[in-house]
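Take a look at the structure below.
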Amino acid sequence: MIETGKIWMNGKLVPFKDAKVHVLTHALHYSTSIFEGIRCYDTPNGSAVFRLSEHVDRLFKSAKLYSMKMQYTKKEISDAILQTVKASGLKEAYIRPLAYYGYGTMGLTPTTNKVDMSIACWEWKMGESKAGKFSGAKCKVSSWMKIDSRSQPMQAKAASNYANAALARMEALENGFDEAIMLNSQGKVAEGSAENIFIIKDDVIQTPPLSAGGLEGITRDSIMQIIEENNGFVIERDLERDDLYTADEIFMTGTAAEVKSVTQIDKVKIGTGKMGSVTKALQKSYRDAVMGEDERFLPWLTFI
Ligand SMILES: Cc1ncc(COP(=O)(O)O)c(C=O)c1O
């Protein structure tokens, strides 16, 4: 971690190294936190945060699902995000807002503790994905089942969901793969450990419905809107493991991953084993959108 700029904590910008919490912070023990992952891109017209309002809306939805009483309004959080990026001096960044049940009372019940909030950002350049390879990822169908909404609200981007995802990611990496694909309790494809998934078969673009247990990804939505704006369509349907193996192309989407091609699943080569033409075209369209080079999607950008 390269410590750049300051971290916003409960309304104040503090030096990066001083952004600390007490070891008895509720969320550290019971996973009672929710967060967002947002990107700021260095566009030709200046640095711009991609789909800020949608990310802040999802943060508040997550908070509601965990009965968190947020101390700030959506507008205050949006302004604080912009202020944090500005203070960092970074042109391109990954932004991590986090709300968590803090220090106060110990014990399982979170709601007796105050909800603390922080916003950090660090340098992250376009196309630089730590979530496996940007292109030509090899994925493993995880032996871990995707948790589902009978156990936890899956529409919340909550830390507690990510123990399951981290187990899947670790298993994939330990077995020489770049990323995991998780199946739900019905054996249907849910998503990657931190990305939504799309397949292309006979020129039809398909993705699992949100009811399969994936996060309502903002990149997923962006890609679907880009496809529709270009007179295409996406079919949302439950996908079997077989659909993965027999697809012509597969790609994953996420704020970190952007649009990432998948060329192998388990020991099976996908399509030609190289990034397909539809994936390539969508990578470009997505890049144009985040860089402000497609006028139709300019409303998605908030300039710093
Ligand atoms: C589990 C999971 N699914 C999907 C996504 C993609 O969501 P988004 O496109 O909003 O980043 C993420 C990334 O945040 C994720 O963690």
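Just follow the structure's listing: the first ligand is 1, and inside any ligand the first atom is 1. Values in this document were obtained by computation on a predicted structure and should not be read as measured data. Each residue takes its place number in the sequence, starting with 1.
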Polar-atom distance check: [X] versus ligand 1, any N or O pair below 3.5 Å?
{"X": "T255", "result": "yes"}
{"X": "E191", "result": "yes"}
{"X": "K146", "result": "no"}
{"X": "G192", "result": "no"}
{"X": "R58", "result": "yes"}

Drop me the distance from [X]'s [atom1] to [Y]'s [atom2], to the nearest 0.5 angstrom.
{"X": "L301", "Y": "T43", "atom1": "CG", "atom2": "OG1", "value": "6.5 Å"}
{"X": "M117", "Y": "I34", "atom1": "CE", "atom2": "CD1", "value": "7.0 Å"}
{"X": "M182", "Y": "C139", "atom1": "CE", "atom2": "SG", "value": "12.5 Å"}
{"X": "I227", "Y": "N231", "atom1": "CD1", "atom2": "CG", "value": "12.0 Å"}
{"X": "R237", "Y": "D243", "atom1": "CZ", "atom2": "CG", "value": "4.5 Å"}
{"X": "F60", "Y": "T73", "atom1": "CZ", "atom2": "OG1", "value": "6.5 Å"}

Which residue and atom name correspond to the protein heavy atom nearest [atom], and how close is it?
{"atom": "atom 9 (O) of ligand 1", "answer": "T219 OG1, 2.6 Å"}
{"atom": "atom 14 (O) of ligand 1", "answer": "K157 NZ, 2.6 Å"}
{"atom": "atom 12 (C) of ligand 1", "answer": "A194 O, 3.2 Å"}
{"atom": "atom 16 (O) of ligand 1", "answer": "Y162 OH, 2.4 Å"}

Give a yes/no on ligand 1: does E36 have at least one heavy atom closer than 4.0 angstrom to it?
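The answer is no, since E36 has no heavy atom less than 4.0 Å from ligand 1.
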
Hey, is E216 one of the residues with a heavy atom under 4.0 angstrom from ligand 1?
no

Per-atom contacts of ligand 1 with G254, taking only distances under 4.0 Å to non-hydrogen atoms
6 (C), 9 (O), 11 (O)

Near N196 (heavy-atom distance under 4.0 Å), the atoms of ligand 1 are 4 (C), 6 (C)

Could you work out, for atom 7 (O) of ligand 1, the closest of S222, G217, A256 by heavy-atom distance?
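It is G217 whose heavy atom sits nearest to atom 7 (O) of ligand 1.
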
Report the part of S193 (side chain from C-beta onward, or backbone N, CA, C, O) that has a heavy atom under 4.0 Å from ligand 1; answer both or neither where that applies.
backbone

For Q71 and N10, run side-chain hydrogen bond (donor to acceptor under 3.5 Å, both in side chains): C-alpha distance rounded to whole Å, both residues' side-chain angles, the deciding distance at 0.1 Å, then the answer.
CA-CA 8 Å; Q71 309 285 317; N10 295 324; over 6 Å; no

In a check of ring pair (Phe, Tyr, Trp, His ring centres under 6.0 Å) between F50 and each of Y94, Y286, F303, which one passes?
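Answer after filtering Y94, Y286, F303: Y286.
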
Please assess D116 against Y103 for the test side-chain hydrogen bond (donor to acceptor under 3.5 Å, both in side chains), listing each intermediate value before the final yes or no.
CA-CA 9 Å; D116 288 321; Y103 169 63; over 6 Å; no

Would you say the side-chain atoms of K201 and Q206 include a donor-acceptor pair closer than 3.5 Å?
no

